[in-house]
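From a predicted model like this one, the values you see are computed outputs, not experimental measurements. Order of the sequence lines fixes the chain letters, A, B, ..., with proteins taken first and strands second; residue numbering starts at 1 for each chain.
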There are 2 protein chains.
Amino acid sequence: MSRIRARNEEKIIRAASRVFAEHGYAATKTADIAELAQLPKPNIYYYFGSKENLYRAVLESVTEPLLAASAPFEEHQDPLTALTAYIRAKLLISRDYPYASKVFASEIMHGAPHLPEDIIQRLSGQTRFLSERLSQWMEQGLMARLEPKHLLFAIWASTQTYADFNWQITMALGKDELDETDFDQAAEVITRMVIEGCRVSPLAEA
Amino acid sequence: MSRIRARNEEKIIRAASRVFAEHGYAATKTADIAELAQLPKPNIYYYFGSKENLYRAVLESVTEPLLAASAPFEEHQDPLTALTAYIRAKLLISRDYPYASKVFASEIMHGAPHLPEDIIQRLSGQTRFLSERLSQWMEQGLMARLEPKHLLFAIWASTQTYADFNWQITMALGKDELDETDFDQAAEVITRMVIEGCRVSPLAEA
DNA sequence: GTCTATAGATAGATAGAC
DNA sequence: GTCTATCTATCTATAGAC
């Protein structure tokens, strides 16, 4: 792969993430992506073959960050540290990959028609892992017994909302864009709800 | 308005909600709406004039339920009852208006380009009301001091997710559709997190 | 590898008969 | 009020020159 190819592909992916995020798959015109990427439209077809391939490439570009977010559950043995770090990691994805997050959310919302099967499998595996880990901690008496999956749904939703429903949030807060303080406050509120809701003890009581 | 007109408009709105929810605004074909509604396509244009008008009519059809959900904050004076009822009300919207909820979510996600200004204003007013009410309770010592708006974002996100990201949730739970038990468990987890996170006392201690 | 110019398909909208 | 047939704009995709 030539240097010029690598650079152009990256420019196209970056532009595409943004346009797909703002308008959705069907409403985005490849011409708009080309314009934002400052490249002629046929280059997009030269590099990616079709609009759908390009869209899938964008979806795949978020997959790694998403899968990496569960690292705290592997590194930490106590729920307090793991959950706190996990919530922060999920919020950082919303902050640092706002466009890709939205594209992913939109895809899921419409039933994941374009999401490659292998990505679905890896994400499902991650969900099972997280859920089982929570169950173990509950059995060990390290946290209260809640339905682990519903706990995960709440964490996912309340962290992703800062990317997906950015419009609603900036409007409610009366600002143009979110800053560090907003994400810190979000982390504090969500962490507190999760930690207190699960009555996670600041170390074993099993 | 004739009886036949009223009936046809309702059939079209119902079909449109579903198709818009499943495919998004740009990807839905008016022909598909007509087919699902069992009416010829020109009838849609006869009744609604354009695809965009029909879409707006769908958006407006969820507005009332959404605004009504905040009733518990007006009826109840203590945060425990109000928050518990509010969470349940929001979950019921996800359960009972899954298509309209998704259409609304998709609209917000893309920056609300079609949402009429008066609806935006009414929703903003509701947000201010809810947020101020929470602040009062905090000042009265009835609940812990969290950022009220971030608390609302978490409640909105974790209740709406059962409609918006239904695909992900049914997949994680390994079932085709959610039943009563699922919504009960969701209510329990979310309510517990909110109540414990805010240290809401089971009546005054101010 | 890059880009202009264009083909081809899709789907929103409507004319006009009933 | 209803619907068949069709017009037309838009946009994906590519042929072919450079």
Side-chain angles (χ1 to χ4, degrees), chain A residues 1-60 103 106-107 110-111 113-116, chain B residues 1-61 99 103 106-107 110-111 113-116:
Chain A
M1 158 130 63
S2 74
R3 194 134 81 249
I4 191 160
R5 181 181 192 101
R7 206 190 58 210
N8 281 351
E9 285 189 356
E10 210 223 301
K11 279 171 78 173
I12 293 170
I13 291 262
R14 199 200 308 274
S17 300
R18 176 154 179 186
V19 182
F20 282 135
E22 286 172 352
H23 305 297
Y25 176 74
T28 88
K29 309 166 204 175
T30 49
D32 287 351
I33 296 174
E35 194 188 345
L36 188 61
Q38 289 181 299
L39 287 169
K41 185 168 59 141
N43 275 29
I44 291 181
Y45 290 90
Y46 175 69
Y47 287 122
F48 291 94
S50 71
K51 180 182 173 180
E52 195 176 337
N53 279 351
L54 171 55
Y55 178 73
R56 264 199 290 266
V58 170
L59 281 179
E60 282 169 13
V103 175
S106 191
E107 174 68 14
H110 298 122
H114 303 279
L115 200 63
Chain B
M1 158 129 63
S2 74
R3 192 133 83 249
I4 191 161
R5 180 181 194 102
R7 205 191 57 211
N8 281 350
E9 285 189 356
E10 208 222 302
K11 279 170 78 172
I12 293 170
I13 291 263
R14 199 200 308 274
S17 301
R18 177 154 179 186
V19 183
F20 281 134
E22 286 173 352
H23 304 296
Y25 175 74
T28 87
K29 310 166 202 176
T30 50
D32 287 351
I33 296 174
E35 194 188 345
L36 188 61
Q38 290 180 298
L39 288 169
K41 184 167 61 138
N43 275 32
I44 291 181
Y45 290 89
Y46 175 70
Y47 288 122
F48 292 93
S50 71
K51 181 181 172 181
E52 195 176 338
N53 278 350
L54 171 56
Y55 179 71
R56 265 199 290 266
V58 170
L59 281 180
E60 281 168 13
S61 75
Y99 301 126
V103 176
S106 191
E107 174 68 12
H110 298 122
H114 304 279
L115 200 63

Which is true for A:Tyr47 with a 4.0 Å heavy-atom rule: it touches a base, it touches only sugar-phosphate, or it touches nothing?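 Since only primed, P, OP1 and OP2 atoms lie under 4.0 Å of A:Tyr47, the category is sugar-phosphate.
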Using a heavy-atom cut-off of 4.0 Å across all strands, would you classify A:Asn8 as base, sugar-phosphate, or nothing?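 Sugar-phosphate, no base atom in range.
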What's the [atom1]-[atom2] distance between [X] and [N], to the nearest Å?
{"X": "A:His23", "N": "D:dC11", "atom1": "NE2", "atom2": "C1'", "result": "15 Å"}
{"X": "B:Tyr55", "N": "C:dG12", "atom1": "OH", "atom2": "P", "result": "14 Å"}
{"X": "B:Lys29", "N": "D:dA9", "atom1": "NZ", "atom2": "P", "result": "21 Å"}
{"X": "A:Asn53", "N": "D:dT12", "atom1": "CG", "atom2": "C1'", "result": "13 Å"}
{"X": "A:Ile12", "N": "C:dC3", "atom1": "CD1", "atom2": "C1'", "result": "13 Å"}
{"X": "A:Lys11", "N": "C:dT2", "atom1": "NZ", "atom2": "P", "result": "10 Å"}
{"X": "A:Leu39", "N": "C:dG1", "atom1": "CG", "atom2": "C1'", "result": "12 Å"}
{"X": "A:Asn43", "N": "C:dT4", "atom1": "CG", "atom2": "C1'", "result": "12 Å"}

Which atom names give the shortest non-hydrogen contact between A:Asn53 and A:Ser50, and what distance separates them?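 What the structure gives for the nearest pair is N-OG, 3.1 Å.
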Contact summary for B:Val58 and B:Ser17, nearest pair of heavy atoms: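 Result for this residue pair: CG1-OG, 3.6 Å.
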When you measure from the side chain of A:Lys51 to the backbone N and O of A:Tyr25, does any donor-acceptor pair fall under 3.5 Å?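 Judged by distance alone, yes, a pair lies under 3.5 Å.
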Let me confirm one number: the CZ-OG distance from B:Arg14 to B:Ser61, rounded to the nearest 0.5 Å.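 Here the interatomic distance stands at 10.5 Å.
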Are the charged groups of A:Arg56 and A:Glu60 less than 4.0 angstrom apart, N to O?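 Judged by the 4.0 Å cut-off on N to carboxylate O distance, A:Arg56 and A:Glu60 do not form a salt bridge.
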Is any side-chain nitrogen or oxygen of B:Tyr46 closer than 4.0 Å to OP1 or OP2 of D:dT2?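 No, outside the criterion.
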Is it true that atom CD of A:Glu52 has more than 12 heavy atoms of other residues, nucleotides or ligands lying nearer than 6.0 Å?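 More than 12 within 6.0 Å, yes.
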Check whether any side-chain heavy atom of A:Ile33 lies under 4.5 Å from a side-chain heavy atom of A:Phe20, and answer yes or no.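 Side chain of A:Ile33 against side chain of A:Phe20, heavy atoms only: contact under 4.5 Å found.
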Indicate for each nucleotide in nucleotides 13-18 of chain C, in 5' to 3' sequence, whether protein heavy atoms under 4.0 Å reach the base (B), only the sugar-phosphate (S), or nothing (-). BB----
